[in-house]
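Letters A, B, ... are given to chains in the order of the sequence lines, protein chains preceding strands, and every chain is numbered from 1. Since this is a predicted model, take the numbers as computed values, not measurements.
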Amino acid sequence: MIKIQLPDGSIREVPKGTSALDIANSISPRLAAAVVVARVRSLEPAPATNNEAALEASEEAMYSSHAPGSAAARIVDLNMPLTEDVALELLKENDPAALKVVRHSAAHVMATAILELFPETKLGHGPATDNGFFYDVYRDVPFTELDLAAIEGRMAEVVRRDEPFVRVEESRDKGLTDYAAQGEFMKIHFIERFTKPGDEISLYKNGGFTDFCRGPHVPSTGRVKAFKVMSIAGAYWLGDEKNQQLQRIYGTAFFNAKDLDAHFKHLEEIKARDHRVLGKQLDLFSIQEVAGAGLIFWHPKGGLIRKTMEDWMRDECVRRGYNLVYTPHIMRRELWKISGHEGFYSENMYPPMELDDAEYRLKPMNCPGHILIYKNSPKSYRDLPARYAELGNVYRYERSGTMHGLLRVRGFTQDDAHIFCTPEQVVSEIEACLDFAEAVLKTFGFKEYRVELSTRDPNKAGEFVGTEEDWASAEGALTGVLSGRGLSFQSFPGEAAFYGPKIDIKLVDVLGRLWQLSTVQFDFNLPRRFELEYIGEDGARHQPVMVHRALFGSVERFFGVLIEHYAGAFPMWLAPVQVGLVPISEKHLEYAHSVKARLEAAGLRVELDTSNNKMQGKIRDFGLQKIPFILIMGDKESATDSVSVRVRAKGDEGSVTVEAFLERVKKLVGEHSMEL
RNA sequence: GCUGAUGUAGCUCAGUGGUAGAGCACUCCCUUGGUAAGGGAGAGGUCAUGGGUUCAAGCCCCAUCAUCAGCUCCA
């Protein structure tokens with residue numbers, strides 16, 4: 001007999017070999033029908049997990065469905081015989097872990113369908129993802145959309161057959177031999193990678209289909225109730241572009257049709273906030289084929305928002321002790337050789353232009369320009385810290401398939417600054433950068449963010465420049481500042497730039513998506529390459545510490561994220577048109593013009609609709625443009641020097657005097673208020 | 001760069017080898033109204049670009065460019 005502890009704390013004694021499904025059935029048949037999978041936790045004290053194993057497990061989990069679960073708690077098949085005392089949790093159709101199991105099982109159903117229709121296909125792996133699942137397969141002939149439809153149809157049949165998922169264990173050698181006979185080269189790779197000689201390997205069978213898989217699965221294919229084959233894409237074998245390309249077939253699955261529908265609705269919502277869609281609808285920016293990919297045209301309304309962002313940023317820089325500088329867009333190739341870009345960044349740079357005096361290259365970064373300004377005159381410790389800031393346009397050659405709206409472009413503007421300081425000043429400078437970064441996020445309406453610290457991988461010292469001591473002190477400074485501020489952060493060893501460690505701030509938008517924007521980085525490399533120095537208090541020459549920092553990251557990318565964050569409904573201070581004026585009839589036009597003049601005199605951005613459309617139509621048009629305030633003016637208003645106020649997303653608020661309205665909105669603008 | 005899909009009016013899209021279409025937007029006319037679409041008329045296209053097949057190509061074939069979904073990359 002073994003002891004099974006249920007979530008309410010009660011303990012049942014059952015014969016060894018009893019399954020979770022048996023227990024569910026003993027509680028109630030309805031529970032047994034609703035439960036998908038079980039989570040068990042050993043009642044013995046959990047053995048200390050060793051770090052290396054945990055690391056390997058996470059690596060496996062990245063591209064394998066064979067990763068072992070944690071020793072403490074693991075998800076198991078409902079019909080797996082329980083052989084020791086465990087705490088048992090029956091997961092029903094409301095549990096995220098259960099959904100993953102459903103999706104992974106859906107991947108097996110899809111593989112079953114694919115092999116039935118296209119037996120020549122070789123299988124890679126088929127994990128669940130955040131939004132569904134995929135299966136990587138290899139076949140000489142690409143699958144067409146018709147094939148995908150056929151696969152989906154056959155999946156429905158496999159589900160209807162309601163084949164039980166049966167776990168089978170067999171010797172590794174037999175598995176390898178069988179797969180070799182079938183030419184399943186990818187399965188062989190996975191077995192060799194994830195199991196050791198002498199291990200038993202686990203297979204899951206449903207009907208005539210068998211897959212090397214560690215599970216768990218739903219009890220039978222009939223439990224995959226709501227699914228859809230989504231799309232097909234190329235994916236490199238083992239994620240390496242030097243390897244052959246596989247066909248990755250994406251699908252998604254949910255517990256029921258309602259959830260599946262909700263998922264598609266959610267996809268539509270995301271599409272409606274897509275900055276590329278809104279950029280067109282609100283006439284903010286464009287990308288033009290005739291000009292080239294990844295190059296942004298800022299239209300008047302987008303330009304106005306950009307100006308507001310830039311004005312704020314420049315003012316704030318000045319207020320915080322930065323000096324604004326400007327540097328050229330093209331510079332001699334010689335400079336890029338000194339900086340090292342010519343060597344290690346060349347792939348991302350536009351090729352040299354040959355002029356009569358020398359070769360020139362477009363700048364991919366602003367650092368060398370700022371360094372030349374620093375170097376132009378001797379510096380004393382009294383001159384430090386020197387903080388040079390620039391909204392610098394840089395051009396980087398991105399590979400053709402990688403551009404994405406405003407978020408990944410070939411020409412963009414960095415709010416870039418470089419701080420040259422003494423080692424003693426570093427901590428307070430980093431502090432100030434983080435303060436500034438927080439101010440940016442807060443001002444533009446982002447409440448949540450995550451902090452990441454990227455450090456050197458000591459095992460790969462050769463890939464990083466700078467001495468042991470440099471790195472130790474720089475990483476210590478960054479860590480110290482972060483903990484000193486009480487910020488929780490995640491460390492990423494090995495993720496540092498080759499020239500120094502960095503802090504990245506990722507903001508979380510309204511949909512919970514993460515965006516990498518702000519970055520604060522140490523640089524041991526450039527000060528040395530350019531032989532930067534300052535005269536210290538001791539009269540000797542010293543090398544300054546250099547800190548790179550960008551807060552918007554790129555103005556283009558930040559704008560793109562901003563559009564999606566607000567779904568185009570910008571707060572008052574950023575809205576390109578702040579007030580829309582609607583005269584009810586032609587005879588109110590004169591009054592409308594006078595109101596417009598008064599609002600504009602107060603610095604507001606106002607649009608007056610003088611068309612002969614109906615007032616309802618004018619309201620609709622302004623509404624679609626997501627203008628914060630619409631003012632309606634008819635007989636009543638013109639007689640009392642007032643306006644009828646309609647607020648975005650709130651509606652009609654009745655009439656107030658022009659003075660009172662002005663008072664209200666000037667406050668909203670001045671305070672950068674998120675509300676209206 | 002790789003795999004697949006897409007490219008028709010300013011926008012969203014229909015058009016399976018035989019005269020280039022719709023709705024919205026735009027211009028003009030009528031309508032002058034009380035909180036998200038009044039009515040009518042008109043104008044607008046090198047069907048991404050370049051080749052090819054065909055008596056005939058938006059449609060079939062090839063190449064190129066761009067976009068989209070992924071992959072890879074992203075100081």
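Across residues 577-593 of chain A, I584(A), S585(A), E586(A), K587(A) each have a non-hydrogen atom less than 4.0 Å from an atom of RNA chain B (numbered order).
Applying the ring-ring contact (aromatic ring centres under 6.0 Å, His included) test to pairs two or more places apart or on separate chains, none has a residue in residues 269-291 of chain A. Residue pairs that meet the ring-ring contact (aromatic ring centres under 6.0 Å, His included) test with at least one member in residues 227-248 of chain A, sequence neighbours left out, are H189(A)-W237(A), F190(A)-W237(A).
Here the side chain of Q247(A) pairs a donor or acceptor atom with the backbone of F143(A) at under 3.5 angstrom. Between the side chain of Q516(A) and the backbone N or O of S518(A) there is at least one donor-acceptor pair closer than 3.5 Å. Not a single donor-acceptor pair under 3.5 Å links the side chain of R648(A) to the backbone N or O of I627(A).
Under the 3.5 Å distance criterion, with hydrogens and angles disregarded, a donor-acceptor pair is assigned to the side chains of H299(A) and S286(A).
Along RNA chain B, the nucleotide nearest to K280(A) and the one nearest to G634(A) differ in position, and the one closer to the 5' end is contacted by K280(A). Comparing K636(A) and E347(A) against RNA chain B, the residue whose closest nucleotide sits nearer the 5' end is K636(A).
Every residue was checked against the salt bridge (Lys or Arg N to Asp or Glu O under 4.0 Å) condition with D523(A), not counting sequence neighbours, and none meets it. Residues passing the salt bridge (Lys or Arg N to Asp or Glu O under 4.0 Å) test with D470(A), sequence neighbours excluded: R528(A). Residues passing the side chain to side chain contact (heavy atoms under 4.5 Å, CB included) test with S594(A) are Y591(A), sequence neighbours excluded. For E475(A), the salt bridge (Lys or Arg N to Asp or Glu O under 4.0 Å) test picks out no residue, with sequence neighbours left out. The side chain to side chain contact (heavy atoms under 4.5 Å, CB included) search around A575(A) returns F570(A), Q578(A), P628(A), not counting sequence neighbours.
Using a 4.0 Å heavy-atom criterion, one finds that F622(A) contacts no nucleic acid atom at all. Within the 4.0 angstrom heavy-atom criterion, no nucleotide atom of any strand lies near N348(A). Counting non-hydrogen atoms under 4.0 angstrom, Y499(A) reaches a base of the nucleic acid.
Judged by distance alone with a 3.5 Å cut-off, a donor-acceptor contact links the side chain of R646(A) to the base of A36(B). Applying the 3.5 Å distance criterion, the base of C74(B) shares a donor-acceptor pair with the side chain of R408(A). Between the side chain of Y236(A) and the base of G1(B) there is at least one donor-acceptor pair of N/O atoms closer than 3.5 Å.
Remark: G4(B) base-pairs with C68(B); criterion is Watson-Crick or G-U wobble with both hydrogen-bond distances under 3.5 Å. For C73(B), there is no paired nucleotide, since no Watson-Crick or G-U wobble pair has both relevant distances below 3.5 Å. Of the nucleotides present, none pairs with G34(B) by Watson-Crick or G-U wobble criteria with both distances under 3.5 Å. A 3.5 Å limit on both hydrogen-bonding distances identifies U12(B) as the Watson-Crick or G-U partner of A22(B).
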(request) Treat primed atoms plus P, OP1 and OP2 as sugar-phosphate and everything else as base, then score nucleotides 58-66 of chain B 5' to 3': B for base contact with protein heavy atoms under 4.0 Å, S for sugar-phosphate contact only, - for none. (result) -------BS

Please table the atom pairs, donor to acceptor, closer than 3.5 Å between any side-chain atom in residues 494-502 of chain A and protein atoms at least two apart or in another chain.
unit_1  : atom_1 : unit_2  : atom_2 : d
Y499(A) : OH     : Q521(A) : OE1    : 2.4
K502(A) : NZ     : D504(A) : OD2    : 3.4

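Nucleotides C26(B) and U53(B) are separated by 40 Å at their C1' atoms, to the nearest Å. Taking atom P on both nucleotides, A36(B) is separated from A41(B) by 28 Å, rounded to a whole Å.
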Detail all sub-3.5 Å separations between protein N/O atoms and N/O atoms belonging to nucleotides 37-41 of chain B.
unit_1 : atom_1 : unit_2  : atom_2 : d
A37(B) : N7     : R620(A) : NE     : 3.2
A37(B) : N7     : R620(A) : NH2    : 3.4
A37(B) : N6     : R620(A) : NH2    : 2.2
A37(B) : N1     : R620(A) : NH1    : 2.9
A37(B) : N1     : R620(A) : NH2    : 3.0
A37(B) : N3     : R620(A) : NH1    : 3.2

Is there any protein nitrogen or oxygen under 3.5 Å from a nitrogen or oxygen in nucleotides 3-5 of chain B, and what are the pairs?
unit_1 : atom_1 : unit_2  : atom_2 : d
U3(B)  : O4'    : Q245(A) : OE1    : 2.8
U3(B)  : O2     : G234(A) : N      : 3.1

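Within the 4.5 Å cutoff, the side chain of R361(A) has heavy atoms near those of the E342(A) side chain.
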